[in-house]
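Working notes, beginning with the structure itself.
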Amino acid sequence: MSPSKSTRESGSQQTPVSELDLMLLIAHEIRAPLGIVKESISLVVDKILGKTNEKQQKVLLTARRNVDRIDRIIMNVVDLFKLDADRMELQKLPFDLMTVIRQITGFFQPLADAAGLQFKVVSFSETIPVVADKTRLANVLSQLVGNAIKFTEKGSVEVRLQKTSSGVECAVRDTGIGIAPENMPRLFKKFEQFGWVPGGGEKGMGIGLAVAKGIIDLHGGSIRAESQPGQGSTFRVTLP
Amino acid sequence: MTKKKILIIDDEKEMAQVETMRLEAYGYEVLVAYDGQTGLDRVRAEKPDLIILDIMLPTIDGYELCRMLKQDPECRRIPIILVSAVDQKFDTDLGKKVGADDFFTKPFEPDVLLAKIKELTKKR
């Protein structure tokens with residue numbers, strides 16, 4: 001989407017753009033066509049344009065998953081810059097947290113199946129009304145579930161939603177490689193990476209958890225981890 | 001039963017095209033306009049059952065167009081979903097003030113959008 005005409009005309013009078021503004025502009029310009037690519041793939045995957053065979057379906061799902069991956073990287077980098085510049089503004093709206101959980105389940109179930117992992121969601125309620133930045137919260141929870149699947153070779157990944165005295169807790173528990181005690185303090189710091197990915201895969205940039213913490217903190221919630229090396233990890237997100 | 005008519009007003013032409021394919025597959029008649037003024041003309045001429053309105057548009061922006069339509073006795077009952085790109089700052093207060101019926105961030109989650117369209121077009 002291009003800036004409106006009036007913005008463009010008044011552009012010459014504006015002060016030079018900051019690095020963050022430039023970053024936001026580039027991100028926006030990349031994400032718009034990426035959105036079109038994703039929706040185009042979805043039209044075929046959802047069989048709206050006709051039947052597909054199993055192999056075509058598999059390839060297109062891979063394509064769509066990787067479009068999401070690019071989008072997630074852009075979003076994380078932008079959010080990291082915004083958090084650093086203290087310019088993150090949340091879009092808080094009321095919504096049902098379970099719709100986000102169901103989307104995440106739909107997205108990760110095939111990955112868990114392919115990895116031979118059991119994946120389940122346990123919730124105290126079918127609907128959980130919350131007021132939060134939906135896109136960003138979905139991104140945080142996807143990050144945690146994605147990490148859990150990535151670092152678990154066998155066993156299970158479980159998302160458990162519980163009511164707390166002040167709000168709701170979402171815990172993501174895995175039976176994966178776990179986190180060494182000496183790495184725990186660095187867990188939510190940016191550009192930190194440790195552990196190996198069983199079976200190979202997306203390594204990432206080590207910013208996902210830093211961004212997740214920044215976003216949950218801004219919501220007035222908390223994010224923390226518990227782990228037993230070799231036994232698994234649990235990440236707990238609480239929202240007020 | 002006649003098909004319900006949805007008007008998409010979005011200057012991202014190819015996005016509007018893929019959205020059109022999906023909504024047509026869901027059984028809607030879809031009209032498209034690529035700028036605010038054309039959108040306004042089409043609403044007045046076609047009286048759609050629902051409008052999906054992007055906030056950032058040439059000629060008349062989405063908020064202003066929404067305000068104009070909600071003040072027009074002929075068009076005020078048409079539900080309007082205001083839409084922004086995922087990284088745009090969405091001014092929901094302004095959106096509510098200009099009378100938008102709902103807000104969506106692109107790219108749409110198809111099921112959620114469809115449920116909302118059904119709900120908003122049923123009310124009328």
Side-chain angles (χ1 to χ4, degrees), chain A residues 1-8 23-50 64 67-68 71-72 74-75 77-79 82 87-96 99-100 102-104 106-107 133-136 138-139, chain B residues 8-28 30 34-37 53-65 82-96 100 102-116:
Chain A
M1 202 169 327
S2 54
S4 68
K5 206 159 171 261
S6 58
T7 321
R8 221 178 257 166
M23 169 79 86
L24 293 177
L25 187 68
I26 295 169
H28 180 81
E29 291 300 313
I30 296 173
R31 295 184 84 180
L34 211 54
I36 299 172
V37 174
K38 182 174 175 180
E39 179 56 14
S40 302
I41 295 171
S42 295
L43 279 179
V44 187
V45 168
D46 297 348
K47 300 187 171 69
I48 280 171
L49 306 178
R64 186 167 68 178
V67 169
D68 283 329
D71 199 51
R72 218 166 45 238
I74 297 170
M75 188 154 149
V77 171
V78 164
D79 281 357
K82 280 187 179 171
R87 272 181 55 187
M88 171 71 86
E89 285 175 55
L90 298 177
Q91 291 276 346
K92 281 193 179 179
L93 286 173
F95 66 93
D96 176 8
T99 60
V100 170
R102 279 188 279 271
Q103 275 165 33
I104 291 174
F107 181 85
D133 187 320
K134 188 177 179 182
T135 312
R136 292 209 162 80
N139 201 34
Chain B
I8 298 175
I9 311 176
D10 190 340
D11 67 336
E12 191 71 72
K13 203 170 185 170
E14 291 186 306
M15 190 52 152
Q17 282 167 357
V18 282
E19 280 161 10
T20 298
M21 282 193 222
R22 182 178 288 276
L23 291 173
E24 281 176 350
Y26 291 153
Y28 294 98
V30 185
Y34 302 120
D35 71 279
Q37 183 60 52
L53 176 58
D54 199 88
I55 53 169
M56 211 195 255
L57 288 172
T59 64
I60 306 172
D61 79 37
Y63 295 112
E64 176 58 16
L65 182 53
L82 268 187
V83 174
S84 81
V86 73
D87 53 356
Q88 271 168 0
K89 216 196 296 177
F90 213 155
D91 191 339
T92 44
D93 288 338
L94 179 60
K96 278 178 202 155
D102 213 321
F103 306 91
F104 266 83
T105 303
K106 278 193 291 188
F108 303 121
E109 298 139 21
D111 296 347
V112 183
L113 177 67
L114 185 64
K116 185 48 79 175

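Numbers restart at 1 for each chain; the letters A, B, ... are given by sequence-line order, proteins then strands.
Residue T99(A) does not touch chain B at all, counting heavy-atom pairs closer than 4.5 Å. Looking at L34(A), there are no atoms closer than 4.5 Å to chain B (heavy atoms on both sides), in backbone or side chain. The contact between L49(A) and chain B is made entirely by side chain atoms (from C-beta outward), counting heavy-atom distances below 4.5 Å.
A 4.5 Å side-chain heavy-atom check between Q91(A) and S84(B) finds every atom pair outside the cut-off.
Closest non-hydrogen pair, E12(B) versus A32(A), comes out as OE1-CB, 3.6 Å. Across V112(B) and Q103(A), no two heavy atoms sit closer than the pair CG2-NE2, 4.3 Å. L43(A) and V18(B) get closest at one heavy-atom pair: CD1-O, 3.7 Å. The two residues S42(A) and R22(B) make their nearest non-hydrogen contact at CB-NH2, 3.4 Å.
Taking the side-chain contact (heavy atoms from CB on, under 4.5 Å) definition, one finds that M88(A) meets it with D79(A), K82(A), L83(A), L90(A), R136(A), I215(A), L218(A), sequence neighbours left out. For D96(A), the salt bridge (charged side-chain N to carboxylate O under 4.0 Å, His left out) test picks out R102(A), with sequence neighbours left out.
With rounding to the nearest 0.5 Å, the separation of CD1 in I48(A) from CE in M21(B) is 10.0 Å. Residue T105(B) holds its OG1 atom at 8.5 Å from CG of D133(A), rounded to the nearest 0.5 Å. Separation of atoms CD (Q17(B)) and OG (S40(A)) is listed at 9.5 Å; rounding is to 0.5 Å.
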